[in-house]
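Because the structure is a prediction, the values reported are computed rather than measured.
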Amino acid sequence: MALGLLKRFRPRPRGTLELVAPGPALLKRTPLSKPLLTSPSTPLRLVFTRSTSETVSRDEFFDYTSGRWLYNEPQQLALRHVRFDVEAMKRIACEAIGARKCSSFEKLAEGAYNKIFLLKFDNNAEAIVRIPNPIAGPPHYVTASEVATMDYVRTVLNIPVPRVLGWSSRASSTPAGVEYIIMEKVNGTALDDRWSRAYPEYEQLLPTVKGVIEMEGRLLRPNFSAFGSLYYTRDVSPALRRRELYHEDSEVTDGADRFRIGPSVNLDFWRGERATMDIDRGPWDSVHDYLIALARCEQAWIKSHAKPRAMHDPYRTAHPPSAHLDLLERFIRAINAGVVFDGPMFSPTLWHPDLNEGNIFVQPDPLPPEVTGIIDWQHACVGPSSLVTTFPRAFAYTGGMVALPPIGPKAVPARFPDNYKSLSPSAKRAARWDWTRANIHVFYSFSSRERQPIRREFAALPHRQALVDLVQAVGRSWADRFMELREGLVVLQGLWGDVFEGGSSSACAIGFTDDEIRRHREEYGAYELYREAREELGEELGVDLDGWVEVERFEEVRSQCAELEKEWDEDATGGPFPYADGMWSSWLG
């Protein structure tokens, strides 16, 4: 292997994970960014576009047009293609908004799961229409749950969320031929848009962070009666309608007649063939039952559909189905032994699925940017409190010119780089922005702990990080998380005596032998090497883990990718070149 390539794809040292919620190391370390009760997949940014019914063909409304993929592109595009009757959608929106004519129908943005349209009307009103892509999951459950969730957090918890003006969760029941949500346009601008126009100072960002922490505090107030997802009472089965919404000690009791907990919209219960399988999707009365159902779902899919790999890599290992089933049984034994338990730390809690910079809206001007709206509640679940209260991506510093200080009992501010005074003006500006982001990370971390006691309590658990890693991995063992599932179980076995005072690893329910642990360490080291090389390749190309790239950069990046493929050394990097058709993709798992 050439010296230059060894340098290019050298392994990088990794920091210590924050043990209360995923911080930068976890965001860099895994293809996960959404909370634990949603499908673990690489974040596909919301891309704003401008396509109107007057300037483009209708196919551009139906196709994904905001980016390209370096590999597996036909499959990625198929998951994001959806046809509908545009004129019927205009008529439906006019009726919902109280207008006679829709004067403009514009494709405003699209992300992984949805297409977003901005509609303008002859009465000067505006509205947003959001249409889910096939990859979004079971259309009825996903749409009905999101509408109810938005209504609940807006009217019961008084969180600023767009008001829903009209919706349909069944394509067959509407002339548009597609599921949709019509909602108010949020006042303000997305936080990432504010940041792209100017780098605010640290003090100017604090109102935004404080506003989100205050919103999170409201989400922690209700104590729901079960784990699953939120629906209107009329949209769940008669048996579920008879169940109470809240636990008897809930601080919040409003909405008890209008809402119920129903089946989970966690995509780990719905991906691929799972959507048609007879499996337990909740609701569940205990965190124990929820976690067992997650493992049993994966087991059922593996038994029915898993086949030996025709092509494999360290993400999609060559381990046979029996090896996956064995790990899942070990996980179930650990859960049955009591590594999670009832109580406030794991009480049923509704949480936003992805607080990134695009989902937080703030005042456009002037500073400070106070929060005006929170959007995108799709796939929100009622899950175990300590496992869903994840670190918002909007405030997570993922590294740069400033080192993030270690997380300890006291907040330690980030410092400017030692060579700051000698930097050029543009480099100083970049370093100051990194310093601001790093200190926002620190501020959120410690302020949320002060305001949310469950974070402090969870931090005291010796096996807290093992639990986080296991819950992230158990529903995707076959897709791409076998190595991380086994790593979590190995770590948990090592902590067994601390988890159960007076116990020992010999009495551990997981049951790995010393030889099995030794072989795992060897395989996991190779897995880490490949993952780091893959991440470094993505950073050099400026693409995400699935090879997504902006349209305007595609040809340039594809050429650069072809040159790097010639230099890729499988022995040095631990696996095959990742950006080739047929290789692993988190969205296709």
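Residues K107 and I116 fail the side-chain proximity criterion, which asks for heavy atoms closer than 4.5 Å. A 4.5 Å side-chain heavy-atom check between Q378 and V265 finds every atom pair outside the cut-off. Residues L206 and I440 form a side-chain contact, since some pair of their non-hydrogen atoms from C-beta on lies under 4.5 Å apart. Side-chain contact between P413 and V442 is absent, with no heavy atoms from C-beta onward closer than 4.5 Å. When side chains are defined from C-beta on, F361 counts as touching I375, because their heavy atoms get closer than 4.5 Å. The shortest side-chain heavy-atom distance between S586 and L545 does not fall under the 4.5 Å cut-off. You'll find the side chain of M215 reaches within 4.5 Å of the side chain of I374, heavy atoms only. Inter-residue side-chain proximity for V362 and E370 is flagged as unmet; no heavy-atom pair is nearer than 4.5 Å.
In terms of heavy atoms, P369 sits closest to L205 at CG-CD2, 4.3 Å. Smallest separation of non-hydrogen atoms from L485 and V474: CD1-CA, 4.2 Å.
Side-chain N or O atoms of D544 include one that pairs as donor or acceptor with a backbone N or O of G547 at under 3.5 Å. Although no hydrogens or angles enter the test, the distance criterion places no donor-acceptor pair under 3.5 Å between the side chain of E357 and the main chain of D192. In terms of modelled atom types and a separation under 3.5 Å, the side chain of N356 and the main chain of G358 share a donor-acceptor contact. Put simply, the side chain of N439 gets close to the backbone of A414: a donor and an acceptor are under 3.5 Å apart. In terms of modelled atom types and a separation under 3.5 Å, the side chain of Q204 and the main chain of E201 share a donor-acceptor contact. Between the side chain of Y444 and the backbone N or O of A396, no donor-acceptor pair lies under 3.5 Å. Between the side chain of D546 and the backbone N or O of W587, at least one donor-acceptor pair lies under 3.5 Å. In this structure, the side chain of H463 does not engage the main chain of L492 through any donor-acceptor pair within 3.5 Å.
A cation-pi arrangement is present between R68 and F554, with the terminal nitrogen or guanidinium carbon under 6.0 Å from the aromatic centre and inside a 45° cone about the axis. Cation-pi geometry between K115 and F61 is not met: the NZ or CZ atom fails to fall both under 6.0 Å from the ring centre and inside 45° of the normal. For the pair R330 and F512, the distance from NZ or CZ to the six-membered ring centre is under 6.0 Å and the angle to the ring normal is within 45 degrees.
Remark: aromatic rings of Y64 and W69 are close, center separation under 6.0 Å. A centroid separation of 6.0 Å or more is found between the aromatic rings of Y530 and Y527. A ring-centre distance under 6.0 Å is not found for F395 and F443. Proximity of the aromatic rings of F482 and H324 is defined here by a centroid distance below 6.0 angstrom, and this criterion is met. A distance below 6.0 Å separates the ring centres of H379 and Y113.
Between R274 and D268 there is no salt bridge, since none of the side-chain N atoms of the basic residue sits less than 4.0 Å from a carboxylate O of the acidic one. Electrostatic pairing of R80 and D63 does not count as a salt bridge here, judged by no charged N lying under 4.0 Å from a carboxylate O. In this structure, E563 pairs ionically with K566, as a charged nitrogen and a carboxylate oxygen lie closer than 4.0 Å. Salt-bridge formation is detected for the pair D515/R518: a Lys NZ or Arg NE/NH1/NH2 atom is positioned less than 4.0 Å from an Asp or Glu carboxylate oxygen. For D354 and R393, the salt-bridge test passes: some basic side-chain N is under 4.0 Å from an acidic carboxylate O. A salt bridge links E487 to R521: at least one charged side-chain nitrogen sits closer than 4.0 Å to a carboxylate oxygen. Taking the charged nitrogens against the carboxylate oxygens, E555 and R558 do have a contact shorter than 4.0 Å, which makes a salt bridge. Ion pairing of E523 with R486 is present here, as a side-chain N (NZ or NE/NH1/NH2) and a carboxylate O approach within less than 4.0 Å.
Counted by atom type alone, E110 and T65 present one or more donor-acceptor pairs between their side chains at under 3.5 Å. Side-chain atoms of E298 and W478 include no donor-acceptor pair closer than 3.5 Å. For the residue pair Q472/E484, the side-chain donor-acceptor check at 3.5 Å is not satisfied. Side-chain contact, W568 with T573: a donor N or O sits under 3.5 Å from an acceptor N or O. With no hydrogens or angles considered, no side-chain donor-acceptor pair links N72 and S585 at under 3.5 Å.
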**Report entry** side-chain contact (heavy atoms from CB on, under 4.5 Å) assessment of K421 paired with F416
**Finding:** CA-CA 9 Å; K421 291 183 179 180; F416 286 103; over 6 Å; no
Query - Full working for side-chain contact (heavy atoms from CB on, under 4.5 Å) between V129 and I181 - result: CA-CA 6 Å; V129 172; I181 300 176; over 6 Å; no
Query raised in the report: Would L108 and F117 satisfy side-chain contact (heavy atoms from CB on, under 4.5 Å), going step by step from the backbone distance to the final call?
Result: CA-CA 5 Å; L108 181 64; F117 300 89; 6.0 Å; no
Report task. Please assess R553 against E550 for the test salt bridge (Lys or Arg N to Asp or Glu O under 4.0 Å), listing each intermediate value before the final yes or no. Result -> CA-CA 5 Å; R553 296 181 56 233; E550 300 92 336; 2.9 Å; yes
Requested in this report: Could you check T389 against E216 for side-chain contact (heavy atoms from CB on, under 4.5 Å), going step by step and ending with a plain yes or no?
Outcome: CA-CA 9 Å; T389 52; E216 291 178 339; over 6 Å; no
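In this pair, Y579 and F577 present their aromatic rings perpendicular. The plane angle is above 60°, beyond the 30 to 60° band.
Remark: R415 CZ is loosely packed, at most 12 non-hydrogen atoms of other residues, nucleotides or ligands lying under 6.0 Å away.
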